[in-house]
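Here the structure comes first, spelled out in structure tokens, and everything after it is commentary.
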Amino acid sequence: MKFRVIPVTAFQQNCTLCWCEETMQAAVIDPGGDVAKIEAAIKEEGLQLEKILLTHAHIDHAGGTAEIKALHQVPIEGPHKGDLYWIEGLAKQSEMFGFPKVGDFMPDRWLEDGDVVTVGKQTLQVLHCPGHTPGHVVFFDKSAGMAQVGDVIFQGSIGRTDFPGGNHQQLIDSIRKKLFALGDEIEFIPGHGPASTLGYEKRTNPFVSDHRG
Ligand SMILES: [Zn+2]
Ligand SMILES: [Zn+2]
């Protein structure tokens, strides 16, 4: 699978296009906003949008979902149903953070840990990684060694857990027990900031490394 990161919204959220090079069918992961920018990238790469994937339902990740769905008539897959209250509160979120007014949507498929999502002839594995939000999921492309981790972990940091429904210990467990188990060599694209590898974070990330204290 091929990946292209498109930073969107005032929060510079890493919306990612991923596609099967054989069929040129694509998924857009976390279309938080700036839909014209996302549309331009889809066109530029010559892709056929097949679905929308959501790691979690914070406004900077999900704000453009209804607009893209209306344009392409494609299904929305994810996040886990634990994020239903964030989806229902999307209008409130956009007000709170000064985002443009967003349309309502409901996922066509809620995802569970262990589910598989297809993109063309490629597949992504689903890991339920709660903590930042209760319904946060991670998409893992095993053959490319690449994970889309949303706001679970960043280069040198981890997701906030001070929002309603956040849980610090749950987040630490998600990272250490689920993500780190994928392997040190796995590269990841976080929801914000530069890419990294799980091994690098395991060694150096002050929140979750093996060498704390
Ligand atoms: Zn978030
Ligand atoms: Zn975010």
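We count ligands from 1, going down the list as the structure has it; atoms in each ligand are counted the same way. Treat the numbers as computed from the prediction; the structure is a model and nothing was measured. Numbering starts at 1 and runs along the sequence shown.
Note: Phe163 and His58 have perpendicular aromatic rings, judged against thresholds of 30 and 60 degrees for the angle between ring planes. Ring geometry for Phe11 against Phe99 counts as perpendicular: the plane angle is over 60°, on a 0 to 90° scale with 30° as the lower cut.
In this structure, the separation between CG on Leu127 and CD on Gln125 is 7.0 Å, given to the nearest 0.5 Å.
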Query raised in the report: For His132 and His61, what are the C-alpha separation, side-chain angles and deciding distance, and is it a ring-ring contact (aromatic ring centres under 6.0 Å, His included)?
Result: CA-CA 13 Å; His132 175 66; His61 295 255; 7.3 Å; no
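Taking the side chain as every heavy atom from C-beta outward, Phe140 and Leu124 never approach each other to under 4.5 Å.
In this view, Gln170 and Pro130, Asn167 satisfy the side chain to side chain contact (heavy atoms under 4.5 Å, CB included) rule, not counting sequence neighbours.
Below the 2.8 Å limit, the Zn ion (ligand 2) has as protein N, O or S neighbours Asp60 OD2, His61 NE2, Asp151 OD2, His192 NE2.
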